[in-house]
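A short write-up of the structure that comes next.
Just so it is clear: chains get the letters A, B, ... in the order the sequence lines come, proteins before strands, and each one is counted from 1.
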There are 2 protein chains.
Amino acid sequence: MTKTRSQKAAPLPLDSIIAGDCVEAMNALPENSIDLIFADPPYNLQLRGDLHRPDNSRVDAVDDHWDQFASFQAYDQFTREWLAAARRVLKPDGAIWVIGSYHNIFRVGASLQDMGYWILNDVVWRKSNPMPNFRGKRFTNAHETMIWASKSEGAKYTFNYEALKALNEGVQMRSDWVIPICNGGERLKDANGDKAHPTQKPEALLHRVLVGATNPGDVVLDPFFGTGTTGAVAKMLGRHFIGIEREEAYRKVAAERLRHVRKYDREALQVSTSKRAEPRVPFGQLVERGMLRPGEELFSMNGRHKAKVRADGTLIGEDVKGSIHQVGAHLEGAPSCNGWTYWCFRRDGKTVPIDLLRQQIRSEMI
Amino acid sequence: MTKTRSQKAAPLPLDSIIAGDCVEAMNALPENSIDLIFADPPYNLQLRGDLHRPDNSRVDAVDDHWDQFASFQAYDQFTREWLAAARRVLKPDGAIWVIGSYHNIFRVGASLQDMGYWILNDVVWRKSNPMPNFRGKRFTNAHETMIWASKSEGAKYTFNYEALKALNEGVQMRSDWVIPICNGGERLKDANGDKAHPTQKPEALLHRVLVGATNPGDVVLDPFFGTGTTGAVAKMLGRHFIGIEREEAYRKVAAERLRHVRKYDREALQVSTSKRAEPRVPFGQLVERGMLRPGEELFSMNGRHKAKVRADGTLIGEDVKGSIHQVGAHLEGAPSCNGWTYWCFRRDGKTVPIDLLRQQIRSEMI
DNA sequence: GGTTGCACTGAATCTTTGA
DNA sequence: TTCAAAGATTCAGTGCAAC
């Protein structure tokens, strides 16, 4: 278990991008030297044919060679190799974040546990504007999962509780974060105007990770650097970064990006909390939650009409079925209708507007 | 591959609770007989001595380092055993849902993939009122993860897309669901007024799972039945349930609960259906019935193209002839085209989609 | 200059039927 | 089994061009 002195003496290549395979590159770094690792490894998406939107445009899929693995076994071996190299360079009280989707995250999580990492939380990135499911065959894939783990059980990891609480308007930060996907001006483009990297992560995501899990001056390593979001946010926040990237095209884009990043930049102060309008409450939630029973009757405010609630949150009235709004509009012969203020239900002989139930749900959501 | 007649003949113990170990109980059920499995397995990785193998033997703790490894291994074995038994009883087009937290869900997910299940989505239950993290050392653990998987790749699982969309106010259902934890009147209490089960799931969660992934009359199996939330919601929704539970105390509470549950009436159980479920209508029928005349012109929805109806129900357009779909696709330079929504005809100066005529025929078919 | 409308896009394991 | 054809299917947002 003795380590050679030469390994310890090798200086860290701070604030630079290392070219090459991440396992080899990490093995060339001194052990126990990194405070935080943020890793966005290939997801092993296993996409088959083309996918088109309903308007017949083709989806620009992630079909890059670096995301191709022959089997789960091959992917597991790849995962264990880079996790082992990462573990060696991590300080005993360091921590790791890994992001993934259902294609790979379960394998990553199990490997982390098997190798002695200690999971602290899984954190869900809820995308406010995900790509829809175009064929209507599954749920909209609206989130990705991050695993936050310390090097071992009992390690004294960094967690800036108060800073995160402040970021979250004074209440404890939860394990689900609502953040938009990376597009608009933040999305890096190549010379042709195409996206420079297929899976660029939003800076807001890294901002929260680094504020919460590092201190100024800490060293943050990203073994799958891509276009360098981790480095950019680290630099803004006064942390050191080390990026490792195999593809020259990505390294070039990242280097150029980092040249323009300034510490304590205005952007770094951007608070990622989305402006909070009154949250939308689907009528179906009243049914799911048992506030209204399927089969129960609703009555129009004017007393002229009634309709029955169905299990999927639609109504069935005289001759018509559909949403609370559609049925209301049809019964009144009106072009539109606000079902929330139109319909009432009966409790203990009293007639109560359903909007009261919506208000109740909203008050729970704050 | 021949199956014994006795297995096929064994009747399903519908709408009942089976006492005993779930692996043994599932092995006693006929194979390929279950439409949906909902499983809420024990998470108790941290509570070391409390882990049982399927044969009821206890997993012994060894020394600290080995113990951790042994626990994960034992948990994996437990997981693979019940997942194998579940797989046997599941119909080829059946599906499974498993719920868990970061303590166990990564191991469950990896096992599912290794055993040939095909993950369709991971779904995040985002708790609107989670327990705070009292010590301020981690993020508020505000979610749990469910994995939805079919028995194998390419299987024709049930997904009631339109009903879920209706439940969600007309936009497609996402992979993150905001639902409160189970408390208040729904939370079952024992004779002492303590909660009857430590992890009772909310009925709203099961409502959404069962509306989305089963049809009325389907058989839903819950191998870790607990206090029977799955059975209660299945009964309300007109699905059959089979529960398996080892602890007598939970079985008693569940049985009492189920006695009081009433099925919703038939009308309330009807949900919005997809067009896919409706009968096919050949375009030629519109011509045969005289709804469209041979020689009549159709116009594309966007007004850019037109084509003539021929007596055999094909179209002839600029340069191209074929089905309504083929001609539409060709004129738009698109890989495919739904001719029903693409083409319109003229009546009394108004432009009307031909899909209206199809709906008319369908309504006469009922 | 402000508004409206159209085109485009994002880590995607994305169909079903019948010959 | 494979293949071809029918036909079902999208949300939030950006950016640019046309009014």
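Between Ser101(A) and Leu45(A), some side-chain heavy-atom pair lies under the 4.5 Å cut-off. Within the 4.5 Å cutoff, the side chain of Asp176(B) has no heavy atoms near those of the His143(B) side chain. Side-chain contact between Phe106(A) and Ile119(B) is present, with at least one heavy-atom pair separated by less than 4.5 Å.
dT15(C) atom P lies 8 Å from atom CG of Leu51(A), rounded to whole Å. Taking atom CZ of Arg135(A) as the reference point, atom P of dA6(D) lies 16 Å away to the nearest angstrom. The separation between Asp50(A) atom CG and dC14(C) atom P is 12 Å, rounded to whole Å. Distance, Arg358(B) CZ to dG7(D) P: 7 Å, rounded to whole Å. Taking atom CG on Asn338(B) and atom P on dT15(C), their separation rounds to 15 Å, with Å as the unit. Nucleotide dT13(C) holds its P atom 11 Å from the CH2 atom of Trp148(B), rounded to whole Å. Rounded to whole angstrom, the span from the CE atom of Met301(B) across to the P atom of dA8(D) amounts to 13 Å. One interatomic measurement links the two molecules: CG of Asn121(B) to P of dT13(C), which rounds to 7 Å at whole-angstrom precision.
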CA sep, side-chain torsions, deciding dist, call: Tyr43(A), His103(A), ring-ring contact (aromatic ring centres under 6.0 Å, His included): CA-CA 6 Å; Tyr43(A) 288 8; His103(A) 309 85; 7.4 Å; no
Under the salt bridge (charged side-chain N to carboxylate O under 4.0 Å, His left out) criterion, do Arg257(A) and Glu203(A) qualify, and how do the steps go? CA-CA 13 Å; Arg257(A) 173 188 197 173; Glu203(A) 294 185 0; 3.0 Å; yes
Watson-Crick or G-U pairs under 3.5 Å in DNA chain C, rendered as dot-bracket with [ ] for crossing pairs and | for another strand: .|||||||||....|||||
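Within the model, atoms OG1 of Thr273(B) and CG of Asn160(B) stand 9.0 Å from one another, a figure rounded to the nearest 0.5 Å.
dA12(D) sits 23 Å from dT13(C) when the C1' atoms are compared, rounded to a whole Å. When the C1' atom is compared between dG10(C) and dC14(C), the two are found 15 Å apart, to the nearest whole Å. Taking atom P in both dT14(D) and dA11(C), one finds a spacing of 14 Å when rounded to whole Å. dT10(D) and dA7(C) have their C1' atoms separated by 15 Å, given to the nearest Å. Spacing of C1' atoms, dA18(D) relative to dG1(C), comes out at 14 Å, to the nearest Å.
Using a 4.0 Å cut-off, some side-chain N or O of Lys165(B) falls inside it from OP1 or OP2 of dT10(D). The side chain of His325(B) contributes no N or O atom lying less than 4.0 Å from OP1 or OP2 of dA5(D). Contact annotation: Ser323(B) side-chain N/O to dA6(D) OP1/OP2 distance is under 4.0 Å. Between Tyr161(B) and dT10(D), a side-chain N or O to OP1/OP2 separation shorter than 4.0 Å is present.
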Sequence neighbours left out, cut at 3.5 Å: what donor-acceptor pairs do the side chains of residues 275-291 of chain B make with other protein atoms?
unit_1	atom_1	unit_2	atom_2	d
Arg276(B)	NH2	Arg135(A)	O	3.0
Arg289(B)	NH1	Glu364(B)	OE1	2.7

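For the salt bridge (Lys or Arg N to Asp or Glu O under 4.0 Å) test, no residue two or more places apart in sequence or in another chain qualifies with Arg80(B).
Relative ring orientation between Phe224(A) and Phe78(A) is described as tilted, the plane-to-plane angle lying within the 30° to 60° band. The aromatic rings of Trp148(B) and Tyr157(B) sit perpendicular to each other, their planes meeting at more than 60°, with 30° as the lower class boundary.
Remark on DNA chain D: of its neighbouring residues Gly185(A) and Asn133(A), the 5'-side contact belongs to Asn133(A), judged by nearest-heavy-atom nucleotide.
For residues 108-117 of chain B, the salt bridge (charged side-chain N to carboxylate O under 4.0 Å, His left out) pairs, not counting sequence neighbours, are Arg107(A)-Asp114(B).
Side chain Ser336(B) to base dA8(D): a donor-acceptor pair is found below 3.5 Å.
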What protein N or O atoms touch nucleotides 8-11 of chain C N or O atoms at under 3.5 angstrom, if any, and at what distances?
unit_1	atom_1	unit_2	atom_2	d
dG10(C)	OP2	Lys195(A)	NZ	3.0
dG10(C)	O5'	Lys195(A)	NZ	3.2
dG10(C)	N7	Arg53(A)	NH2	2.5
dG10(C)	O6	Arg53(A)	NE	3.0
dG10(C)	N2	Pro130(A)	O	3.2
dA11(C)	OP2	Arg187(A)	NH1	2.7
dA11(C)	OP2	Arg187(A)	NH2	3.3
dA11(C)	OP2	Pro198(A)	O	3.3
dA11(C)	N7	Tyr43(A)	OH	3.4
dA11(C)	N7	Lys201(A)	NZ	3.2
dA11(C)	N6	Asp40(A)	OD1	3.3
dA11(C)	N6	Pro41(A)	O	3.1
dA11(C)	N1	Tyr43(A)	N	3.1

With the criterion being N/O to N/O and under 3.5 Å, what pairs connect the protein with nucleotides 17-19 of chain C, and how long is each?
none

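The pair Lys321(A)-Glu162(B) does not meet the salt-bridge criterion, since no charged nitrogen lies less than 4.0 angstrom from a carboxylate oxygen.
Thr341(B) comes within 4.0 angstrom of no nucleic acid atom, judged by non-hydrogen atoms across all strands. Within the nucleic acid shown, Ile324(B) has no heavy atom closer than 4.0 Å to any nucleic acid atom.
When distances are taken from the side chain of Gln326(B) to each of dA5(D), dC14(C), dG7(D), the shortest belongs to dA5(D). Residue Leu47(A) places its side chain closer to dA12(C) than to any other of dA7(C), dA12(C), dC14(C). Among the nucleotides dA8(D), dT9(D), dT13(C), the one closest to the side chain of Trp118(B) is dT13(C).
In dT13(C) the O4'-C1'-N dihedral to the base is within 90° of 0, which defines a syn nucleotide.
Annotation: cation-pi geometry satisfied between Arg208(B) and Trp177(B) (NZ/CZ under 6.0 angstrom from ring centroid, within 45° of ring axis).
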